[in-house]
Amino acid sequence: MKIEEVFSSKPRMKILRLVARLGALNVSDIARRINLNYSTTNEHLKLLEAEGILQQRVYGRIRMYRFNGRSNKAIAVQNLIEVWEQVNKQ
Amino acid sequence: MSHQSVFKDEAKLDINYVPHRLPHRGKEHRLLMEFFNFLLRFPERMTQRVIITGDVGTGKTALAQRFGADITVKANKQGINFRYVHINCREYRGKLFLILQHALAVFRPTFPRRGYSAEELLRTLVQVLDEEKAYIILTLDEFDAFIEQEGSEAVYKLTRLQEMRSGKPQRISLISILRDLKSTESLGASARSTLQRNLISLERYQKDQLTDILNDRVAMAFEPSTVQEEVVDLISELAVSESGNARFAIELLWRAGKYADAGDMDDVTPECVRKAVSSIIPTVRRSELASLGLHEKLFLLGVARFFKESQSAYASLSEVERAYAVVCEEFGEQPRSHTQLWKYAQLLSALGILKTEVATKAKRGRSTCVSLPSIPAYELEKELSAAVKRR
């Protein structure tokens with residue numbers, strides 16, 4: 001997928017900011033925090049996972065998403081968000 | 001102009017403060033280091049289980065926390081991902097799933113809080129530790145509350161965890177803290193044997209030991225030359241009669257300092273200590289009362305009111321139950337059942353607030369008698385009424 005397609009979605013950007021801020025989160029928690037329904041949130045998460053930005057971990061009945069520590073894309077996105085938020089704070 | 005305080009840093013007298021040096025507990029600290037030495041050399045190869053016992057104010061919690069902080073620094077310096085997790089079981093009502101939830105939150109603060117059994121949480125905790133290549137010492141303080149609530153099976157689950165995953169790195173070591181081993185008698189033989197591998201018993205402090213502890217705290221918490229020598233001596237003496245309770249001694253020192261400040265005095269005098277001691281409830285700490293649940297407080301308030309009115313030294317559980325029902329009515333609460341009250345009486349007895357005895361002279365069966373041996377009923381009533389009204 002092209003970069004503009006990944007980043008053109010507001011919910012996806014909200015998800016990335018949220019995960020950057022809080023670390024690992026489960027699907028319904030993400031959905032609740034960004035005010036979106038479960039299935040749409042799930043689709044966005046799957047897309048971000050397919051792009052190698054997020055990774056999911058399964059703990060028994062629960063799936064939690066976090067940044068994929070092994071992916072350069074994920075590291076770059078995390079850095080971008082961090083710098084962005086820092087500059088905005090100043 | 002306001003008078004200068006005698007305190008330099010009163011936080012050093014806080015119940016949660018753990019000093020860098022624990023006078024007269026060096027031997028036990030070294031012993032703990034020996035028990036857990038493997039964590040610094042080959043952490044994945046084994047785990048350890050240690051029990052610390054001792055009366056109130058013998059330094060059980062402080063010893064474990066000091067050790068936890070020290071070994072964390074050592075392990076992290078060697079690049080080992082190690083965490084020390086200290087949990088007071090009574091704060092979590094002795095429930096395994098709440099305790100595990102707390103331990104898991106150290107690594108995954110956003111893990112959902114609802115809907116997971118203790119087994120699932122234990123599995124998840126181990127999985128997370130595997131992912132992070134981390135090791136923990138889980139210290140279960142007031143372990144009696146855990147045994148009382150969960151019994152043998154949960155203890156067994158915790159202690160034999162590794163056997164279910166043989167060949168994999170070992171992750172969770174355990175320190176259990178309790179007053180004495182009496183409460184472990186209710187456990188099954190196998191749970192007890194795995195738990196009691198290493199035992200550290202803390203003796204009550206003697207007067208000179210309490211003096212050393214107090215002198216350390218005086219140096220940390222007070223301005224120079226504001227605490228007279230005889231003040232420390234008097235407090236040590238009083239604390240010895242409170243079964244060598246260092247926590248009591250430190251609280252008394254703090255309170256005496258407060259009286260000095262309130263009287264605009266330049267230093268803490270024996271008179272400040274006398275005032276402090278008359279304001280303090282002997283044996284029972286306010287923090288212990290504060291940790292009780294609402295109905296435990298209401299029940300105890302019923303007991304206090306009964307003994308305030310009555311001249312007798314003992315009350316039957318049904319007499320106390322009637323007093324408790326009146327208290328419940330006063331505070332608009334639905335009274336708990338007789339069995340529940342019996343449980344409260346046992347809990348309060350374990351905490352040393354009440355004394356329960358089984359009277360066999362009753363017409364039939366066995367009935368429980370309650371007494372309030374060491375706390376003035378009116379002091380207790382005052383304290384509890386205020387606490388319940390504050391809720």
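Lettering of chains follows the sequences in order, A, B, ..., and the numbering in each one begins at 1.
Within a 6.0 Å radius of NZ in Lys157(B), more than 12 heavy atoms belonging to other residues, nucleotides or ligands are found. By the 6.0 Å contact criterion, CD on Glu153(B) is open, its count of non-hydrogen atoms from other residues, nucleotides or ligands being 12 or less. Crowding of Lys12(B) atom NZ: a count of heavy atoms from other residues, nucleotides or ligands under 6.0 Å exceeding 12.
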With 3.5 angstrom as the limit, list the donor-acceptor pairs from chain B to chain A, or say none if there aren't any.
| unit_1 | atom_1 | unit_2 | atom_2 | d |
| --- | --- | --- | --- | --- |
| Arg108(B) | NE | Tyr59(A) | OH | 3.2 |
| Arg108(B) | NH2 | Tyr59(A) | OH | 3.4 |
| Thr110(B) | OG1 | Ala24(A) | O | 2.1 |
| Gly115(B) | O | Arg61(A) | NH2 | 2.6 |
| Glu120(B) | OE1 | Arg61(A) | NH2 | 2.9 |
| Glu120(B) | OE2 | Arg61(A) | NE | 2.6 |
| Glu120(B) | OE2 | Arg61(A) | NH2 | 3.1 |
| Gln127(B) | NE2 | Val58(A) | O | 2.8 |
| Glu131(B) | OE1 | Tyr59(A) | OH | 2.8 |
| Glu131(B) | OE2 | Tyr59(A) | OH | 3.2 |

